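Quick notes on the structure that follows.
None of the values given here were measured: they were computed from a predicted structure.
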Amino acid sequence: MPNVKLQNYLHLHFIIFIWGFTAILGELITIEALPLVWYRMLLASGFIYLFIFAKKISLKVSRKLFFILFSAGTIIALHWIAFFAAIKVSNVSITLSVLSSGAFFTSILEPIFYKRKLIWYEVVFGILVIVGLYIIFKVEGDYTLGILYALFAAFTSSIFSLINGKVAQQYDSSMISFYELLSGVISLSLYILVMMLFTQEKNEIVVSFFQMSTSDWVFLFLLASVCTAYAFIGSVHVMRYLSPYTVMLTTNLEPVYGILLAFIIFGESEKMNPQFYYGALIILGTVLLNGIFKNRKGKN
């Protein structure tokens, strides 16, 4: 029914808006990227477990699948750490613009993962993304570390998507997400424990994890519940009614929503050199064109 499709399309835009707000929360939360991600994954895995329990979804997995999900969870943990670190050493606009280059990494890695030939227009679009990144590097040299963090976040996001692309077709999405989030918590916990064994600054590490303001707890709760657990479950729901192309194309608006929100909330600190926006537009435009080309090819 048209009304059902319209409702789900509007719901999708709301979800993308929420994803764009994730970067804002990353800026507002005062703790470092590592504890931020640890709490986000721990709380979100708890919320998704409640959903799984209510829906009576099975959590039985094979040993092989568990190791695949554990690897994916560790990768997405690294992605989020790099993502929030980029925001904290640069700003939201820089991070979200560079993060859009994830489509470029996917176009290179997908032929390797799925053993297919490289497509000519993906090579062209890859060159355009490099041009866009070059412009951003050139005009925003003070944010080089943030750009590098964001590039690593884009790269790990691409790998995570490719791994999930193989398992999501065979298994329940809620179960996959639960194990990946929980695996990320386990991986980070092991890293923290090892780090504490080889450092004399144990007290500082403990303080950085548990000494948080009330506002930090509120923002973390929003990040884990609304921006992670709810957004994930909602995105799975709308995919039942909308085409993959519509979902993919709309998702490309996430950096746009995030940058606009950042400018409204943080004002002058998000105002960039005009050339920065040229580079960002090249990257976003390339991602959009890539989706259009893939859609046309699918119809042939």
Side-chain angles (χ1 to χ4, degrees), residues 15 19 22 33-34 37-38 40-42 44-45 47-49 51-52 57-86 98-119 122 125-126 129 149-191 224 227-229 231-239 244-245 247-248 251-252 254 287 290-291 294:
I15 292 168
W19 283 339
T22 299
L34 178 59
V37 173
W38 187 84
R40 177 187 188 177
M41 300 187 86
L42 178 67
S45 61
F47 290 130
I48 291 179
Y49 177 77
F51 175 80
I52 289 172
I57 298 169
S58 175
L59 287 174
K60 291 182 179 179
V61 295
S62 66
R63 185 178 296 179
K64 179 181 178 181
L65 178 59
F66 175 79
F67 281 115
I68 292 172
L69 297 179
F70 189 91
S71 299
T74 303
I75 290 168
I76 198 62
L78 291 173
H79 159 74
W80 277 335
I81 289 172
F83 173 73
F84 289 117
V98 177
L99 196 66
S100 301
S101 65
F104 163 62
F105 289 117
T106 302
S107 70
I108 295 174
L109 294 172
E110 190 175 300
I112 300 172
F113 268 71
Y114 295 104
K115 297 179 181 178
R116 66 162 177 82
K117 293 181 179 180
L118 193 65
I119 301 172
E122 290 182 340
F125 291 155
V129 168
Y149 277 141
L151 277 172
F152 182 75
F155 177 72
T156 47
S157 174
S158 175
I159 295 176
F160 175 76
S161 298
L162 290 168
I163 294 173
N164 263 9
K166 287 191 173 184
V167 298
Q169 297 176 2
Q170 306 174 48
Y171 304 98
D172 182 82
S173 298
S174 301
M175 179 273 290
I176 291 170
S177 183
F178 170 73
Y179 276 117
E180 287 175 343
L181 288 168
L182 189 62
S183 297
V185 175
I186 294 170
S187 295
L188 292 180
S189 298
L190 290 173
Y191 169 76
C227 296
T228 307
F232 166 76
I233 294 168
S235 65
V236 172
H237 177 76
V238 299
M239 286 178 187
Y245 174 68
V247 174
M248 182 279 302
T251 302
N252 290 335
E254 179 188 348
V287 173
N290 182 55
K294 276 183 167 52

Should we count CZ of Phe70 as having more than 12 external heavy atoms under 6.0 Å?
yes

What's the shortest heavy-atom distance between Tyr149 and Ala86, and which atoms?
CB-CB, 3.6 Å

Compare all side-chain heavy atoms of Thr22 with those of Phe84 and state whether any distance is below 4.5 angstrom.
yes

Ile57 vs Phe51 side-chain heavy atoms within contact, under 4.5 Å:
yes

Tell me whether Ser177 contacts the main-chain N or O of Ser173 through its side chain, where contact means a donor paired with an acceptor under 3.5 Å.
no

Report the C-alpha distance between Glu180 and Ile75 in whole Å, list the side-chain angles of each, state the deciding distance to 0.1 Å, and finish with yes or no for side chain to side chain contact (heavy atoms under 4.5 Å, CB included).
CA-CA 9 Å; Glu180 287 175 343; Ile75 290 168; over 6 Å; no

Given the rule in the side chain to side chain contact (heavy atoms under 4.5 Å, CB included) test, do Leu65 and Met175 qualify, once you have shown the distances and angles that lead to the verdict?
CA-CA 11 Å; Leu65 178 59; Met175 179 273 290; 4.2 Å; yes

Residue from Ile68, Ile176, Leu69 passing side-chain contact (heavy atoms from CB on, under 4.5 Å) with Ile163
Ile68

Report the distance from atom CD1 of Ile81 to atom CZ of Arg40, rounding to the nearest 0.5 Å.
11.5 Å

What's the spacing between Ser71 OG and Phe66 CZ if we round to 0.5 Å?
9.5 Å

Taking Leu42's backbone N and O only, do any of them form a donor-acceptor pair with Ser45's side chain (distance below 3.5 Å, no angle check)?
yes

Counting only N and O atoms by type, is there a donor-acceptor contact under 3.5 Å from the side chain of Ser189 to the main-chain atoms of Val185?
yes

Just wondering, are more than 12 heavy atoms of other shown residues or ligands nearer than 6.0 Å to CZ in Phe178?
yes

Check the orientation of Phe83 and His79. Use parallel for under 30°, tilted for 30 to 60°, and perpendicular for over 60°.
parallel

Whether Ser187 side chain and Ser183 backbone form a donor-acceptor pair below 3.5 Å:
yes

At what distance, to the nearest 0.5 angstrom, does CD1 of Ile76 lie from CG of Leu181?
8.5 Å

What's the spacing between Ile48 CD1 and Leu182 CG if we round to 0.5 Å?
10.5 Å

For Val61, is there any backbone N or O sitting under 3.5 Å from a side-chain donor or acceptor partner on Tyr179?
no

Please name the pair of heavy atoms, one in Ala85 and one in Ala33, separated by the smallest distance, quoted to 0.1 Å.
N-CB, 3.8 Å

Heavy atoms, side chains only, cut-off 4.5 Å: are Thr74 and Leu188 in contact?
no

